[in-house]
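On a predicted model such as this, the values are computed, not experimentally measured, just so you know. Each ligand, and each atom within it, is numbered from 1 in the order the structure gives. Residue numbers start at 1 and run along the sequence shown.
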Amino acid sequence: MSAQTKGEKVYRGIAVSAGVCRGKILVMHRARHFISRREVSDADIPAEIKRFEQSLNQTRKQISEVQRKVVQNMGVKEGDIFDAHLLMLEDRVLVDEVMKLIRDQKANADYAFHTVSERYIDALAGVDDEYLRERAADMHDLTARVLDNLLEVKDAFDLRHINEPCILVGHDLSPSVTAQLNKKFVLGFATDIGGQTSHTAILARSLDIPAVVGLLTISEELETGDYALLDGYNGTVIVNPTDQTLFEYGQLVKRKASLEEKLREITHQPAVTLDGKIIHLSANIEDQNDIEPVVSHGAEGVGLFRTEFLFINRESTPTEDEQYRVYREVAAALKPHPVIIRTLDLGGDKFASHLQLAKEMNPFLGWRAIRFCLAQPDLFRAQLRAILRASAEGNVQMMYPMISGLDELKQANAIVEKCREELRAEKIPFDEGLKVGAMIEIPSAALIANALAKHVKFFSIGTNDLIQYTLAADRTNEKVSHLYEPTHPAIIRLIKITVDAAHANGIWAGVCGEIAGDPVLTPLLIGLGIDELSAAPPVVPEVKYIIRRLKLDEARALAEFALNSESPSEIYARCQELARAAAPSLFEKS
Ligand code: PEP
Ligand code: MG
């Protein structure tokens with residue numbers, strides 16, 4: 001049922017990218033399927049039938065789950081809509097027909113199911129009875145779901161069709177789709193699933209597009225054309241907002257504008273505490289289009305260049321020269337500030353379709369980042385050479401993602417050394433003093449930081465992954481988002497171990513995970529001894545603002561308290577207390 005026929009309705013989720021927008025909803029429909037007929041051998045027919053049965057089971061579970069949530073959020077009547085879907089799945093005649101086609105004609109399951117269901121849809125759509133005609137739409141939905149499961153399709157929404165401003169609503173948005181969002185037309189987005197530090201959320205912040213995730217069933221409940229207000233500060237989507245709601249949000253937007261004025265005044269001032277401790281405050285970027293936001297938000301260079309986005313959404317791997325041109329452009333534009341280029345971190349929730357990597361059971365624990373690069377020396381070498389060559393044109397540094405132990409680090413360093421030798425022999429210039437660092441984002445690396453520190457020039461703590469791996473809570477899964485706690489004592493202790501190991505070995509330690517951009521946590525990180533923070537460009541001014549209002553003693557006392565506490569919520573509350581006292585205007589969000 002369309003929300004247009006109802007009054008105001010509020011959906012609550014997880015706020016992942018700040019800002020308020022309002023406009024028409026565009027629901028991203030499920031992927032289109034390209035069905036082709038394949039001949040199945042006699043021996044493979046049982047497996048094909050099993051595949052079909054499994055997809056029906058999976059679909060049944062998904063629909064029951066959606067139904068349960070709709071009943072819970074909207075009522076029994078609305079939930080009944082899904083009864084028709086479930087009944088169709090149980091329809092023996094339909095199921096038998098599909099099986100017969102697989103058996104008799106040796107057809108693949110997707111082709112067989114699609115053929116039979118299309119016949120049903122045509123028959124239903126043609127009858128002179130409104131109720132039955134509506135069932136054709138149900139059958140259509142159902143067919144799409146079963147085919148999604150059979151073909152393991154995640155998303156294939158074509159953003160090129162968007163040509164007027166809208167709020168995108170969908171079940172999920174992959175990082176590769178998010179990376180293509182055009183701010184001119186996409187005012188904000190809302191999804192059923194997702195977490196605070198998924199790469200989709202990170203990209204939304206980077207693009208400065210308000211976003212709310214973890215809204216459970218919103219993509220099932222809203223329709224294209226519904227009017228809504230999306231609040232990326234508090235994590236709500238308000239459909240059919242009343243005049244009063246619109247007025248209140250108007251006030252909020254005004255308060256934010258006055259804060260922005262204050263932030264503009266300090267944008268190009270140094271990030272220094274009231275008692276003189278200088279923090280290096282830099283920005284996270286995904287490509288060369290982010291150079292301007294880095295400069296305009298007053299960041300001192302780049303603390304994390306996520307190079308994998310140069311590899312995604314294209315037909316082939318970028319060549320050494322192509323990469324060199326991009327790295328050089330960024331380095332030259334931001335000179336003399338440092339640009340820390342992270343070597344390729346594909347895998348996890350970031351995939352390059354042209355590389356056609358096999359599906360894994362646990363992608364975040366699998367063939368990702370440095371593991372993938374060490375196994376693909378040609379691809380790795382091309383990137384390393386490109387980075388080294390770019391270092392001749394600016395202050396380039398590099399770091400490896402997902403280091404888990406000393407051997408991996410030494411192997412990576414040895415390949416870099418070989419690349420240096422090659423370039424010397426080829427008389428290609430590069431910066432002989434280029435600094436190489438390691439990301440600390442796996443608990444094992446934090447625990448042996450003292451050993452790792454002897455082989456690098458800096459550490460950058462990737463808290464997004466460090467939290468997920470330490471607490472065994474998938475960063476993209478809203479169902480475990482309550483466990484994903486940056487102020488868990490285990491995380492604080494691992495950060496402390498890393499910082500102490502760095503300082504004992506005369507190197508610096510920074511944080512480039514999303515907590516580096518959360519002003520509530522800035523005092524804690526500084527109190528723990530962090531030397532550098534790198535955050536999405538739009539949040540850099542807020543972090544700078546609070547640093548400039550902070551006393552080091554107070555930050556240290558907070559860190560001391562956190563290191564002796566056992567309670568994540570208690571630590572978080574103390575962080576909030578100090579942050580609010582230091583910079584009250586930053587927290588007037590609602
Ligand atoms: C991190 O894990 O904190 C990090 C900065 O890397 P990414 O978010 O790209 O995994
Ligand atoms: Mg990471």
Side-chain angles (χ1 to χ4, degrees), residues 16-17 174-176 178-179 194-207 213 281-287 290 299 302-312 339-352 362-373 397-404 408 437-446 458-477 484-488 491-492 494-495 498-499 509-518 521 525 530 532-537 539-540 543:
V16 297
S17 182
S174 68
S176 60
T178 312
Q196 178 67 249
T197 59
S198 65
H199 282 98
T200 298
I202 290 170
L203 285 167
R205 284 191 284 279
S206 196
L207 292 162
V213 304
L281 183 55
S282 48
N284 296 347
I285 65 167
E286 277 80 45
D287 59 33
D290 294 332
V302 169
L304 165 63
F305 184 163
R306 288 187 167 94
T307 54
E308 46 284 357
F309 289 93
L310 306 176
F311 289 67
I312 290 174
V339 173
I340 302 179
I341 302 178
R342 173 175 72 186
T343 61
L344 193 59
D345 182 16
L346 281 178
D349 60 352
K350 289 172 291 193
F351 299 100
N362 291 301
F364 275 117
L365 300 180
W367 210 38
R368 186 187 164 192
I370 195 71
R371 303 165 180 192
F372 172 77
C373 286
Q397 307 184 11
M398 81 162 97
M399 64 182 178
Y400 315 121
M402 256 197 107
I403 291 291
S404 66
E408 237 170 7
M439 287 192 73
I440 303 293
E441 46 185 354
I442 299 183
S444 59
F458 62 90
F459 285 151
S460 186
I461 307 177
T463 45
N464 302 337
D465 280 315
L466 186 65
I467 298 169
Q468 111 164 319
Y469 295 134
T470 306
L471 304 177
D474 182 341
R475 61 195 268 190
T476 67
N477 187 340
Y484 190 95
E485 289 175 303
T487 52
H488 192 292
I491 303 301
I492 290 163
L494 289 171
I495 295 177
T498 307
V499 172
V511 172
C512 62
E514 294 307 291
I515 66 171
D518 181 352
L521 300 176
L525 296 175
I530 285 294
E532 181 245 24
L533 292 169
S534 189
V539 294
V540 164
V543 176

- Task: Using a strict 4.0 Å cut-off to heavy atoms of Glu441, name the atoms of ligand 1 that fall inside it.
- Result: 1 (C), 2 (O), 4 (C), 6 (O)
- Note on the structure: Atoms of ligand 1 under 4.0 Å from any heavy atom of Ile202, numbered from 1 in the order shown, are 8 (O)
- Note on the structure: Lys350 heavy atoms within 4.0 Å reach ligand 1 at atoms 9 (O)
- the Mg ion (ligand 2): protein N, O or S atoms [distance under 2.8 Å]: Glu441 OE1, Asp465 OD2
- Side chains of Val511 and Ser460 in contact at under 4.5 Å (non-hydrogen atoms): no
- With side chains defined as the heavy atoms from C-beta onward, is the minimum distance between Glu514 and Ile202 less than 4.5 Å? yes
- Do any N or O atoms from the side chain of Arg371 and from the backbone of Met402 form a donor-acceptor pair under 3.5 angstrom? no
- Query: Just by modelled atom types, is the Ala283 backbone N or O under 3.5 Å from a matching donor or acceptor in the Ser534 side chain?
  - Reply: yes
- Could you tell me if any non-hydrogen atom of Glu514 lies under 4.0 Å from any atom of ligand 1? no
- So is Gln468 in contact with ligand 1, going by heavy-atom distances below 4.0 Å? no
- Task: Identify the protein heavy atom lying closest to atom 7 (P) of ligand 1, giving its residue, its atom name and the separation to 0.1 Å.
- Result: His199 NE2, 3.2 Å
- Message: For the backbone of Thr476 and the side chain of Ser198, can you confirm whether one donor and one acceptor N or O come within less than 3.5 Å of each other?
- Response: no
- Message: Out of all atoms in ligand 1, which are within 4.0 Å of some heavy atom of Leu304? Include the element for each.
- Response: 5 (C)
- Task: Give the atoms of ligand 1, by number and element, whose distance to some non-hydrogen atom of Asp465 is under 4.0 Å.
- Result: 1 (C), 2 (O), 3 (O), 10 (O)
- Query: Which ligand 1 atoms does Arg306 reach within 4.0 Å, using its non-hydrogen atoms?
  - Reply: 4 (C), 5 (C), 6 (O), 7 (P), 8 (O), 9 (O)
- atom 6 (O) of ligand 1 - nearest protein heavy atom and its distance: Arg342 NH1, 2.9 Å
- Message: Classify the ring geometry of Trp367 against Phe372: parallel below 30°, tilted from 30° to 60°, perpendicular beyond 60°.
- Response: perpendicular
- Only heavy atoms count here, so choose which of Met439, Glu286, Arg368 is nearest to atom 4 (C) of ligand 1. Met439
- Message: Show me which atoms of ligand 1 lie under 4.0 Å from any heavy atom of Cys512.
- Response: 5 (C)
- Task: Pick one of side chain, backbone, both or neither for how Leu466 approaches ligand 1, counting any non-hydrogen atom pair under 4.0 Å.
- Result: neither
- Item | Part of Arg475 with heavy atoms under 4.0 Å of ligand 1, whether side chain, backbone, both or neither | side chain
- Ser17: side-chain hydrogen bond (donor to acceptor under 3.5 Å, both in side chains) partners, not counting sequence neighbours: none
- Minimum side-chain heavy-atom gap Ile341-Gln397 below 4.5 Å: no
- Arg205 to Thr197 - nearest heavy-atom pair and separation: NH2-CA, 4.4 Å
- Query: Can you find a pair of side-chain heavy atoms, one from Ile495 and one from Thr463, that are under 4.5 Å apart?
  - Reply: yes
- Query: Taking only residues two or more places apart in sequence, or in another chain, which ones meet Pro401 in a side chain to side chain contact (heavy atoms under 4.5 Å, CB included)?
  - Reply: Arg342, Thr343, Asp345, Ala369, Met439, Glu441
- Would you check whether Met402 reaches within less than 4.0 Å of ligand 1, judged by its heavy atoms? no
- Query: When you look for heavy atoms under 4.0 Å from ligand 1, do you find them on the side chain of Asp345, its backbone, both, or neither?
  - Reply: side chain
- Heavy-atom side-chain proximity of Val499 to Phe459 below 4.5 angstrom: no
- Do the side chain of Asn464 and the main chain of Gly513 share a donor and acceptor less than 3.5 angstrom apart? no
- Query: Taking only residues two or more places apart in sequence or in another chain, which ones pass side chain to side chain contact (heavy atoms under 4.5 Å, CB included) with Gln468?
  - Reply: Phe364, Arg368, Asp465, Asp474, Arg475, Tyr484
